[in-house]
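Below is one structure, written out as structure tokens, with a few remarks after it.
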There are 2 protein chains.
Amino acid sequence: MPRRRQSVTIKHVAADAGVSLQTVSRVINNEANVRPQMKERVQKSIDKLGYVPSIAARRMSGSRSYLILALNDRERTIADWRAREGSDWVDQMLLGGMLKCAEHGYRLMVELVDTHSDHVQRELRAAIAALQPDGVLLTPPHSDNRLITDLLEDAKIPFARIGSRVQDDAIALTMGDDRLAKRAVRHLVEKGHRRIGFIAGPKDYAISDWRKAGWMEAMAEAGLRTDKLCERGDFGFASGERAARKLLERRERPTAIIASNDQMAMAANAVAHDMGLRVPGDLSLVSFDNTPVVRFVQPPLTAIDQPIAETVARAVELLIAAKNGDELPPMPVVVEGELIERQSVSRPPSQLAAARANG
Amino acid sequence: MPRRRQSVTIKHVAADAGVSLQTVSRVINNEANVRPQMKERVQKSIDKLGYVPSIAARRMSGSRSYLILALNDRERTIADWRAREGSDWVDQMLLGGMLKCAEHGYRLMVELVDTHSDHVQRELRAAIAALQPDGVLLTPPHSDNRLITDLLEDAKIPFARIGSRVQDDAIALTMGDDRLAKRAVRHLVEKGHRRIGFIAGPKDYAISDWRKAGWMEAMAEAGLRTDKLCERGDFGFASGERAARKLLERRERPTAIIASNDQMAMAANAVAHDMGLRVPGDLSLVSFDNTPVVRFVQPPLTAIDQPIAETVARAVELLIAAKNGDELPPMPVVVEGELIERQSVSRPPSQLAAARANG
DNA sequence: CTGAAAGCGCTAACAT
DNA sequence: ATGTTAGCGCTTTCAG
């Protein structure tokens, strides 16, 4: 292999504009101490020659790699991809992250690491050594993993935690999970529901507890009981079935269920049908996440939308700001989602019957 | 910003092992001319120190960047992401591409470029200058874009075309579209269908014509007519509705339709329902691509699966082989998909009626 | 088989 | 406000 050289380098530009390399560098990096007239002349050469700086050379010499690393859980991500069940977390991450990166001349690289193994650190260290990213995006369930955050602090690489509330000097963003859970409860209460069940997510995801806490709080505020109304799943369909069955087989069964993610909500929907319950006539359903599939089940599910793209975009912005030494807003930053009404919520059966009797 | 330095460099390893930089470099790159004993000693130091070479430094000095660039159509990709309709092309690309890259110490970077604009070339040139990728993955509708392929040839960067059959010295891969279309026709013919309609894709995608050609060929082989049985769409839902309506409003309407992608198949399904036709009772449906959503519509669609992950993985392999100067197989490489049977195909109405009468 | 020297394209630090 | 110098971490080239 021949030594491959850049076709147009800073040298060519400098020669063309008749200035030093440094002046060109200053123009590229938009630094002060360049006369407008000089700047314009250099810019003209840059445009003429179609010069674009080499990211590798910049990384070598300077303090920046212009790379943001998005860390995802290997096992879960690959399982989702293979299952082809329409989970679009990674797509939304790319949508928010790539476009925001591009605005700042950065690139986003996706990296998969094993959460549950001892070599998280080895894997992460290798990625850092190979790429020297300017920032790292931590997605659940990595966001609060001390093995990861300690390592990044050591390496002095800014990191942003999606779905985290840890308050320290690092960046953390949430999607307002607790408030959204409350929003879901209130929506159901307004429809007349009083026994609102909840299917919680696994404990290793912090968001699981926030969502549950929001449910409990809103229930308390509405003067409603929560005992025997909560079961825990693991975000998988099968666990959702088990949880839903338990809730629906209770003597006083809930008239509505909030599930902590879409798979478990769809499972609850399936169980309800199995048991001869109509959705939403006999059971109302609100799901969390609003992944693509919820529009395609029968009935289409009312869901809490997670603004993943927006959150990731904000995270990238903060990461770059941190790298630039800019001041950051108080943490955690909240990018709140919203309730999307579809057709899985109605008034509870008793009220529907009353309405029919009166009408 | 302080000048950031690698924590462990080749120098550290060389010092630890008591050899020259060059010897370490030879070990990393698995070059000849290192005594096994020496190699082992160096490897021990590498492991001990957790050394991982900097991708930027390797790119600077050597002929490799260890980067593969996956080029996607900006407009279409972003539209898909925003629509959240469950298209998982990018995910499958990452699944196949990232994992294969990782096997070879490479990384995959996703890049979006405008196909339809004059600045394809400017955008691509910028990406090349910035990243100097060792290979480029071209996805439809870029695969046979001369503006792109000429540029890459000029830059002497190997590229792989997904969904292309152009036969030259470059890499091309198809998923056997024509044979798969024939497979779909034969499946329907076996069920007893004789009027099998076809909704073709837009002309700017080469696969559109291959799929159509396969349909025509299989129809001819079965001794069936094709006139007035084909309409063209643009892969979008609305165009699928128009096409399906045209086909189904003909005097002799088809008893089965093959649609060139899932969105158009779902549109045909919706139109059929609108017109009071049952699927599959009155109209059988086979769709192309097998994106996640086809499982969630009623009825779940029988579909031709596109092995995107596998194809991309193969493409990456070939790209790296090309970079290494290895010999390549004859082009195009075919990674064939398969027919996934679900519930949108039955025997045609006449035969169902006959069966009922006889039974 | 191993080592030393040169240099990739750029920026930080230091002149001027 | 601009230029000069040194060096980032690695591989290529050439010398032993």
Side-chain angles (χ1 to χ4, degrees), chain A residues 1-42 46 49 51-67 105 128-132 134 323-325, chain B residues 1-42 46 49 51-67 105 128-132 134 323:
Chain A
M1 277 296 143
R3 200 186 196 87
R4 183 168 62 200
R5 307 164 89 120
Q6 216 81 357
S7 53
V8 182
T9 73
I10 198 171
K11 275 191 189 169
H12 298 100
V13 177
D16 186 83
V19 297
S20 73
L21 304 186
Q22 197 46 40
T23 303
V24 178
S25 175
R26 287 190 178 104
V27 172
I28 306 168
N29 294 296
N30 217 347
E31 278 171 27
N33 292 341
V34 186
R35 279 192 324 227
Q37 174 196 348
M38 182 105 273
K39 183 168 173 170
E40 196 188 339
R41 182 158 58 137
V42 172
I46 290 176
L49 301 175
Y51 168 71
V52 174
S54 154
I55 214 173
R58 297 180 102 176
R59 148 74 190 86
M60 283 303 291
S61 60
S63 49
R64 281 167 196 274
S65 63
Y66 293 91
L67 250 34
I128 290 175
L131 300 169
Q132 294 282 94
D134 286 346
K323 182 73 186 177
N324 290 340
Chain B
M1 275 299 143
R3 201 183 194 89
R4 181 169 64 198
R5 306 162 90 117
Q6 215 82 358
S7 53
V8 182
T9 73
I10 199 171
K11 274 190 190 170
H12 298 101
V13 177
D16 186 85
V19 298
S20 72
L21 304 187
Q22 199 40 44
T23 303
V24 179
S25 175
R26 287 192 178 104
V27 172
I28 306 169
N29 294 295
N30 217 347
E31 278 171 26
N33 292 341
V34 185
R35 279 193 324 228
Q37 173 196 349
M38 182 105 275
K39 184 168 175 170
E40 196 187 340
R41 183 156 57 133
V42 172
I46 289 176
L49 301 176
Y51 168 70
V52 175
S54 154
I55 214 173
R58 296 181 100 174
R59 150 72 191 89
M60 282 302 291
S61 59
S63 49
R64 279 167 196 274
S65 63
Y66 294 90
L67 250 33
I128 290 175
L131 300 168
Q132 294 281 94
D134 287 346
K323 181 75 187 175

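Quick note on labels: first sequence line is chain A, next is B, and so on, each numbered from 1.
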Hits for ring pair (Phe, Tyr, Trp, His ring centres under 6.0 Å) against B:Tyr66, two or more places apart or cross-chain, chain-then-number order -> B:Tyr106
Per nearest nucleotide of DNA chain D, the residue lying toward the 5' end, B:Ala56 or B:Glu31, is B:Ala56
Sequence neighbours excluded, the answer for side chain to side chain contact (heavy atoms under 4.5 Å, CB included) partners of B:Glu40 is B:Lys44
Rounded to whole Å, CD1 of B:Ile46 lies from P of D:dC10 at a distance of 10 Å
Review point. B:Ser61 side chain to B:Ala57 main-chain N or O, any donor-acceptor pair under 3.5 Å?
Key: yes
Atom CD1 of A:Ile55 and atom P of C:dG9 are separated, to the nearest Å, by 16 Å
Residues in residues 19-27 of chain A with a heavy atom under 4.0 Å of DNA chain C, by number, are A:Gln22, A:Ser25
Taken to the nearest whole Å, NZ/A:Lys39 to P/D:dT2 is 12 Å
Contacts satisfying salt bridge (charged side-chain N to carboxylate O under 4.0 Å, His left out) that involve residues 7-25 of chain B (not counting sequence neighbours) are B:Asp16-B:Lys48
Worksheet entry | Under 4.0 angstrom between B:Tyr51 side-chain N/O and D:dC10 OP1 or OP2 | yes
In whole angstroms, the gap separating P of D:dC10 from CG of A:Leu131 amounts to 13 Å
Rounding to 0.5 Å, atoms CZ (A:Arg58) and CG (A:Asn29) come to a distance of 5.0 Å
**Message:** Looking at C:dT11, I'd like to know if its phosphate oxygens (OP1 or OP2) sit under 4.0 Å from a side-chain N or O belonging to A:Asn29.
**Reply:** yes
Problem set entry | Short side-chain N/O contact from B:Arg35 to OP1 or OP2 of C:dT2, under 4.0 Å | yes
Sorted by chain and residue number, the side chain to side chain contact (heavy atoms under 4.5 Å, CB included) partners of B:Ser7 (sequence neighbours excluded) come out as none
task: Respond yes when some side-chain nitrogen or oxygen of A:Arg5 is under 4.0 Å from OP1 or OP2 of C:dC8, and no when none is.
output: yes
Original post:
D:dC10 base to B:Ser61 side chain: any donor-acceptor pair below 3.5 Å?
Top reply: yes
B:Val52 meets the side chain to side chain contact (heavy atoms under 4.5 Å, CB included) criterion, sequence neighbours left out, with A:Ala126, A:Ala129, A:Ala130
note: A:Asn33, atom CG; C:dT11, atom P; distance rounded to Å ~ 16 Å
B:Gln132 CD to C:dC10 C1', in whole Å, measures 14 Å
*Does the side chain to side chain contact (heavy atoms under 4.5 Å, CB included) test come out yes or no for A:Arg64 and A:Asn324, once each step is laid out?*
CA-CA 10 Å; A:Arg64 281 167 196 274; A:Asn324 290 340; 2.4 Å; yes
DNA chain C nearest-nucleotide lookup for B:Val34 and B:Arg59: closer to the 5′ end is B:Val34
Hits for side chain to side chain donor-acceptor pair (under 3.5 Å) against B:Gln6, two or more places apart or cross-chain, chain-then-number order -> A:Arg59
Whole-Å distance, B:His12 NE2 to D:dG9 C1', equals 11 Å
inquiry  = Is there a side-chain contact between A:Arg58 and the phosphate of C:dC10, meaning an N or O under 4.0 Å from OP1 or OP2?
reply    = no
From CD of B:Gln6 across to C1' of D:dG7 the rounded distance in Å is 14 Å
Computed from five pairs at either end and rounded to 10 degrees, the angle between the axes of the helix from C:dC1-D:dG16 to C:dT16-D:dA1 is 40°
Which of D:dT2, D:dC10, C:dT11 is nearest the side chain of A:Ile10? It is C:dT11
With sequence neighbours left out, the residues meeting salt bridge (charged side-chain N to carboxylate O under 4.0 Å, His left out) with A:Asp134 are A:Lys323, B:Arg4
